[in-house]
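When reading the values below, keep in mind they use all heavy atoms of this one structure, side chains included, and skip hydrogens, waters and symmetry mates.
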Number of protein chains: 4
Amino acid sequence: MSKNKQEDIFQAAMQLFAERGYDGTTVPMIANKAKVGAGTIYRYFENKESLVNALFVKCVEQFFEVIRTNFPQDADVRQQFNHIFRRMFVFAKENSNALQFINSHDEGYYLDEKSNQTFEDFLDFFRAVIENGKNQGVIRSLPSHAHIAIVYGAFGMLFSLIQSGRMEETPELLNELEDSLWNAIRII
Amino acid sequence: MSKNKQEDIFQAAMQLFAERGYDGTTVPMIANKAKVGAGTIYRYFENKESLVNALFVKCVEQFFEVIRTNFPQDADVRQQFNHIFRRMFVFAKENSNALQFINSHDEGYYLDEKSNQTFEDFLDFFRAVIENGKNQGVIRSLPSHAHIAIVYGAFGMLFSLIQSGRMEETPELLNELEDSLWNAIRII
Amino acid sequence: MSKNKQEDIFQAAMQLFAERGYDGTTVPMIANKAKVGAGTIYRYFENKESLVNALFVKCVEQFFEVIRTNFPQDADVRQQFNHIFRRMFVFAKENSNALQFINSHDEGYYLDEKSNQTFEDFLDFFRAVIENGKNQGVIRSLPSHAHIAIVYGAFGMLFSLIQSGRMEETPELLNELEDSLWNAIRII
Amino acid sequence: MSKNKQEDIFQAAMQLFAERGYDGTTVPMIANKAKVGAGTIYRYFENKESLVNALFVKCVEQFFEVIRTNFPQDADVRQQFNHIFRRMFVFAKENSNALQFINSHDEGYYLDEKSNQTFEDFLDFFRAVIENGKNQGVIRSLPSHAHIAIVYGAFGMLFSLIQSGRMEETPELLNELEDSLWNAIRII
DNA sequence: CATGAATGAGATTTCATTCAT
DNA sequence: AATGAATGAAATCTCATTCAT
């Protein structure tokens with residue numbers, strides 16, 4: 001039995017939102033999985049929308065933190081890409097539902113300004129890396145948006161495969177995938 | 001006043017499901033947008049779940065049809081990839097909501113056996129192309145699943161950018177994107 | 001295919017009302033069983049309530065007619081009872097649903113003044129017979145209401161047993177039943 | 001304000017079902033009469049069908065209990081009949097709606113296996129008494145079903161008369177009725 | 001006349017939220 | 001603080017009735 005009910009609620013909500021979406025998840029479902037009373041959720045969050053927004057911000061910031069930590073600011077773009085790619089998998093593995101939650105909930109009509117801004121800030125980090133790579137003549141001259149869409153879109157689906165057991169994560173696989181996606185964005 | 005109410009319902013439902021998800025869309029919302037009475041929807045579909053499944057199958061089959069039509073069965077893999085990539089954009093442009101609907105609803109807990117099977121059949125087509133390419137030594141030795149995840153995941157996000165106006169579709173852009181994704185999966 | 005749609009509707013409605021009650025029977029159910037369009041019912045009856053009332057009156061009047069025909073007005077009470085008892089079974093057998101319909105729908109909140117009056121008239125016939133028997137010192141001094149309740153209540157359940165096949169109708173059985181019910185009301 | 005909402009719901013439902021039938025009674029009607037919110041009913045019963053079945057079982061078991069209590073197992077059949085007849089009136093008077101509810105809802109298409117079985121068990125009790133009487137040469141050789149139909153059918157209608165005020169319950173009346181129905185089933 | 005597609009009012013049921021304990 | 005029973009607004013779904021064909 002966890003001491004921190006707020007965290008229990010976050011975990012339960014994240015899993016359910018990831019599996020069934022925002023509207024497909026009921027507050028009693030969350031309470032039940034978190035092993036708290038339904039009313040308790042309203043001690044920690046104003047309402048369901050508040051909860052999903054708080055959770056979204058928390059997840060994106062955690063993801064961001066994992067990516068940013070020890071980021072090789074001065075290394076070359078290839079190494080920066082390596083860092084990002086590996087950290088994305090690290091985060092996804094350690095927070096299996098968080099990634100799916102983020103991916104299926106960005107663009108949700110229930111996200112507030114802060115949530116959207118947090119996600120934009122997160123993307124901006126990648127944009128900066130990409131822009132830097134383009135300036136160095138290493139990365140294709142596509143819009144940064146496009147590069148991010150390619151890597152992030154591919155990554156989301158790839159992790160989903162691993163998560164569901166349809167593909168096994170091995171060091172060799174990760175090497176191949178990293179190489180594949182690097183080829184997608186670099187100038188050849 | 002349209003003659004075909006079933007089609008009106010399909011169109012309204014597709015747009016709303018794409019924008020707000022299955023559970024976030026109410027039957028009166030659909031009826032309203034389709035300009036039919038709420039009860040009319042139940043003359044055409046047994047219930048809401050029936051509707052989303054019928055719509056899913058219809059959309060996937062349409063998508064499949066666009067990809068399969070004039071597919072260069074005997075050409076080399078690069079040309080097959082070109083065909084697929086271009087047709088994906090053609091379908092997405094002509095059925096802008098259909099793609100978003102498919103992408104946000106595969107894996108939905110409300111999809112029935114037939115819907116899932118239809119989607120699997122669709123993916124199998126790509127798997128066959130990829131396998132063929134691997135046998136010819138043109139495509140990387142990653143699992144076919146992974147190649148599809150990369151291309152399809154990237155494509156989904158890319159089209160979303162174009163759709164929302166954050167990126168402009170030009171012939172040059174499409175050429176670059178095709179090249180980028182081809183680099184991701186081919187042996188270099 | 002019957003020529004008389006009104007009669008088809010009556011038959012279908014009677015069977016369904018008998019089995020499922022007034023509120024448990026939908027107009028489309030009736031239309032379906034009567035093999036007419038739902039709208040056709042509204043050519044013959046103003047609405048569902050109109051139909052059930054017309055049907056009730058028709059059934060009670062038919063029942064009444066069967067009882068009254070050849071009623072031995074001048075015979076003794078025992079013979080009058082015999083006539084009534086036998087005719088009740090004749091009617092019930094020839095109009096199997098009608099009896100169940102009447103029994104489960106008298107006291108219905110949807111019955112109008114005319115329906116209730118028709119049923120009262122029907123009961124008055126029995127009351128007169130009973131009163132006559134009481135005056136002759138043949139029948140117990142219970143209220144006529146009570147005698148009717150005993151015979152009619154018993155009869156309803158008995159016929160239900162035969163109808164459902166849980167009891168077989170034989171001449172011997174009918175003789176026994178007639179004797180049993182006569183014993184209930186006569187002075188011994 | 002009652003403490004036991006489940007019981008309030010039962011009482012309200014029983015009265016309404018007795019008066020208007022299953023399909024003629026809406027859940028909001030029940031909620032309104034029970035002075036609870038409509039949603040509350042679904043905390044206690046899975047759905048409307050569940051409610052009617054639970055109520056039916058409860059009523060039949062209560063009725064059964066009243067009949068069985070202090071039943072003179074070793075007395076003669078006449079005395080057993082006396083016990084049953086009197087207790088039926090006791091139950092009917094104390095649970096005026098319960099009897100009407102039972103009588104108008106047995107054979108309902110919405111009753112489940114358990115409800116039907118409970119009612120059969122109830123009838124089996126009477127069958128045993130009747131069989132015993134037949135073996136002792138006191139009761140007519142009609143099928144037990146028939147005897148029950150006669151007594152129970154008659155009783156139902158008789159109580160309805162008393163209930164509605166069309167007949168007044170006096171000790172003399174009950175004596176007469178008991179004698180009347182006993183004459184119906186005994187060998188004379 | 002006859003039909004059955006269409007409708008919307010109203011039925012059943014769910015669920016976000018409150019509040020007495 | 002924590003609970004979960006209670007609520008009623010809103011969701012899904014049904015059906016008596018209408019009306020264009």
Side-chain angles (χ1 to χ4, degrees), chain A residues 5-6 8-9 22-32 34-52, chain B residues 1 3-6 8-9 22-32 34-51, chain C residues 5-6 8-9 22-32 34-52, chain D residues 1 3-6 8-9 22-32 34-51:
Chain A
K5 286 181 193 289
Q6 168 149 341
D8 293 347
I9 294 166
Y22 174 68
D23 290 291
T25 301
T26 72
V27 173
M29 274 181 202
I30 297 169
N32 190 51
K35 289 178 182 154
V36 300
T40 304
I41 289 175
Y42 290 83
R43 295 218 147 268
Y44 292 94
F45 305 97
E46 200 188 334
N47 51 35
K48 191 184 170 188
E49 203 168 307
S50 241
L51 166 56
V52 78
Chain B
M1 195 62 46
K3 207 54 148 308
N4 192 341
K5 285 179 192 290
Q6 166 146 339
D8 292 349
I9 294 166
Y22 174 68
D23 290 292
T25 300
T26 72
V27 172
M29 276 179 200
I30 297 169
N32 192 51
K35 289 180 182 151
V36 299
T40 302
I41 289 174
Y42 291 87
R43 286 199 67 72
Y44 291 95
F45 304 98
E46 200 185 334
N47 51 36
K48 192 184 167 188
E49 202 167 310
S50 225
L51 165 57
Chain C
K5 285 180 193 291
Q6 166 148 340
D8 292 348
I9 294 166
Y22 175 68
D23 290 291
T25 300
T26 71
V27 173
M29 274 180 203
I30 298 169
N32 190 52
K35 289 179 181 153
V36 301
T40 303
I41 289 174
Y42 289 84
R43 294 220 147 265
Y44 292 94
F45 305 97
E46 199 187 334
N47 51 34
K48 190 184 171 188
E49 205 168 307
S50 239
L51 165 57
V52 78
Chain D
M1 194 63 44
K3 205 56 148 307
N4 191 340
K5 285 180 193 289
Q6 167 147 341
D8 293 348
I9 294 166
Y22 175 68
D23 290 292
T25 302
T26 72
V27 172
M29 276 179 200
I30 298 169
N32 192 50
K35 288 179 182 152
V36 300
T40 303
I41 289 175
Y42 291 86
R43 287 198 67 72
Y44 291 95
F45 304 97
E46 201 186 332
N47 50 36
K48 192 184 167 189
E49 202 168 311
S50 225
L51 165 57

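For A:Y42 against A:V27, the heavy-atom pair with the smallest separation is OH-CG2, 3.7 Å.
Using N1 to N3 plus N6-O4 or O6-N4 for Watson-Crick, or N1-O2 and O6-N3 for G-U wobble, each under 3.5 Å, F:dA1 pairs with nothing.
Rounded to an integer number of Å, the gap from C:K5 NZ to E:dA2 C1' is 7 Å. Here E:dC1 presents its C1' atom at 15 Å from CD1 of C:I41, a figure rounded to the nearest Å. Atom CZ of D:F45 is separated from atom C1' of F:dA6 by 15 Å (rounded to the nearest Å). Here E:dC15 presents its C1' atom at 15 Å from CG of A:L51, a figure rounded to the nearest Å. Atom P of nucleotide E:dA11 and atom CG of D:N32 are separated by 12 Å, given to the nearest angstrom. What separates CD1 of A:I30 from C1' of F:dG4 is a distance of 16 Å, to the nearest Å. Residue A:K35 contributes atom NZ, which lies 13 Å from atom P of F:dT3 at whole-angstrom precision.
Nucleotides F:dT21 and E:dC1 have their P atoms positioned 22 Å apart, rounded to a whole Å.
For the atom pair CZ of A:R43 and CD1 of A:I9, the computed distance is 11.0 Å after rounding to the nearest 0.5 Å. D:T25 OG1 to C:D23 CG: the interatomic distance, rounded to the nearest 0.5 Å, is 8.0 Å. Going from atom CG of A:D8 over to atom CD1 of A:I41 covers 10.5 Å, rounded to the nearest 0.5 Å.
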Base versus backbone protein contacts along nucleotides 14-21 of chain F [heavy-atom cut-off under 4.0 Å; B, S, -] | BSSBB---
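D:Y44 contributes no side-chain N or O that, together with a main-chain N or O of D:L51, makes up a donor-acceptor pair within less than 3.5 Å. Formation of a donor-acceptor pair under 3.5 Å by the C:K48 side chain with backbone atoms of C:T26 is not found in this model.
For E:dC1, neither phosphate oxygen OP1 nor OP2 lies less than 4.0 angstrom from any side-chain nitrogen or oxygen of C:Y44.
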